[in-house]
Amino acid sequence: MIRKASSVVSCIQKAENILVAGHIMPDGDCISSVVSLSVGIERFGKKATPAIDWKISPNFKVFPWIERIKGFDEEIPKPDLIIVVDASSPDRIGRFENFLRMGVPSIVIDHHATNTYFANECWVDPSYSSTAQMILDLLRLMDIEYDRDLALMNYLGIATDTGFFRYSNVDSSVFQAAAELVSLGADPDFVATAILETRKIEELFLERDAIDNITLLSNNRFAYSYLTLADFEKYSLTDDDFTGFVGELRSIESVEVALFASEARSGEAHVSLRSKKYFDVSEIAVAFGGGGHQKASGFTLKYEGDLKSALSEAVQMIDSRLQNERT
Ligand code: 5GP
Ligand code: MN
């Protein structure tokens with residue numbers, strides 16, 4: 001860790017104007033990493049621009065510095081360094097990929113095992129729970145001073161990417177990192193309330209539709225479901241407003257693999273995959289052009305016709321792998 005993190009620090013030292021880019025469909029870890037690293041870089045005496053080519057969910061609006069995150073259409077000075085965080089492949093940063101194509105020197109800081117090592121300098125370590133935990137180690141190495149706001153922002157990614165300290169990526173280092181950030185002023189209750197307890201009633205109605213669409217296969221070890229564009233439109237919601245249902249599917253006692261698809265627009269869906277104990281869902285995600293972790297992955301599916309038929313290839317792949325196992 002120290003060697004890779006040190007080379008990141010020397011790149012930051014040499015640069016003046018740094019773009020910190022997160023991924024499309026940003027989650028808590030992405031937003032936490034983009035903002036915490038940008039603030040850290042500024043406290044290190046350099047200019048930093050936090051950037052995400054996607055709408056930021058209203059849940060995050062209560063957090064400090066969120067309004068500073070630039071979208072692609074806003075004016076952005078050409079950076080002399082781009083640091084990509086929490087993204088396993090360059091397509092994940094949306095149109096900011098243009099800067100990579102233009103040859104701007106680049107760094108990636110990421111914890112996905114499926115990372116494609118697409119930057120000039122790659123600090124990729126799947127043993128970390130979250131990219132936010134890597135950022136904490138990096139900012140410690142840079143001797144950055146933490147106030148309550150920075151501690152809160154950095155804590156956000158560790159809490160969300162571990163499912164609030166429940167997933168298999170939790171080890172004692174996660175609790176140590178969280179404890180340090182809480183002692184610096186991060187408020188766990190504020191984060192949990194902002195993320196978990198701000199649902200609209202329409203989200204529960206949508207959940208009812210998603211429950212109606214559940215199919216169980218492979219002797220109930222595989223659960224999948226989906227929501228179409230029409231389902232979202234019925235409640236004036238978008239797929240960005242409805243996350244987490246794949247976790248509900250995995251919570252079924254008999255289930256090893258869960259798949260949930262949401263139709264973002266006509267002919268395009270985001271597919272989320274989860275496993276409970278041993279199945280490597282990242283292999284499925286990679287087969288469909290996506291990526292992620294062994295127990296949490298995803299991909300974007302493009303198709304003609306209806307979503308349910310478009311899903312059948314992935315559904316069959318998972319089903320047949322489970323059927324072929326000796327149990
Ligand atoms: P989620 O299902 O919550 O969207 O994503 C689960 C995990 O898979 C996250 O770590 C996320 O970064 C990764 N992931 C989701 N969708 C994609 C995708 O389209 N491409 C890649 N490379 N990773 C994805
Ligand atoms: Mn992450």
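Each residue takes its place number in the sequence, starting with 1. Start at 1 and go down the list; that is how both ligands and their atoms are numbered.
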Chemist: So does Asp280 get a backbone contact from the side chain of Ser275, meaning a donor-acceptor N/O pair under 3.5 Å?
Modeler: no
Chemist: Apply salt bridge (Lys or Arg N to Asp or Glu O under 4.0 Å) to Arg43 and Asp147, showing your working.
Modeler: CA-CA 11 Å; Arg43 291 186 184 175; Asp147 55 15; 2.8 Å; yes
Chemist: Can you see which heavy atom on Asn169 is nearest to which on Asp161, and at what distance?
Modeler: ND2-O, 3.2 Å
Chemist: Measure from NZ or CZ of Arg250 to the centre of the six-membered ring of Tyr167, then state whether that distance is under 6.0 Å and the direction lies within 45° of the axis.
Modeler: yes
Chemist: Could you tell me the angle subtended at the Mn ion (ligand 2) by OD2 of Asp29 and OD2 of Asp161, rounded to 10°?
Modeler: 80°
Chemist: Can an N, O or S atom be found in His111 less than 2.8 Å away from the Mn ion (ligand 2)?
Modeler: yes
Chemist: Taking atom CD of Glu74 as the centre, report whether more than 12 heavy atoms of other residues, nucleotides or ligands fall under 6.0 Å from it.
Modeler: yes
Chemist: Name of the Asp86 N, O or S atom nearest the Mn ion (ligand 2)?
Modeler: OD1
Chemist: Near ligand 1, which residues have a heavy atom under 4.0 Å away from one of its atoms?
Modeler: Ser88, Ser89, Arg92, His112, His270, Ser272, Arg274, Gly290, Gly291, Gly292, His293, Ala296, Ser297, Gly298, Phe299, Thr300
Chemist: In sequence, state the C-alpha distance, the side-chain angles, and the governing distance for Arg199 and Glu207, and then conclude on salt bridge (Lys or Arg N to Asp or Glu O under 4.0 Å).
Modeler: CA-CA 11 Å; Arg199 300 180 76 193; Glu207 191 158 326; 2.5 Å; yes
Chemist: Between the side chains of Lys70 and Glu75, is the shortest nitrogen-to-carboxylate-oxygen separation below 4.0 Å, so that they form an ion pair?
Modeler: no
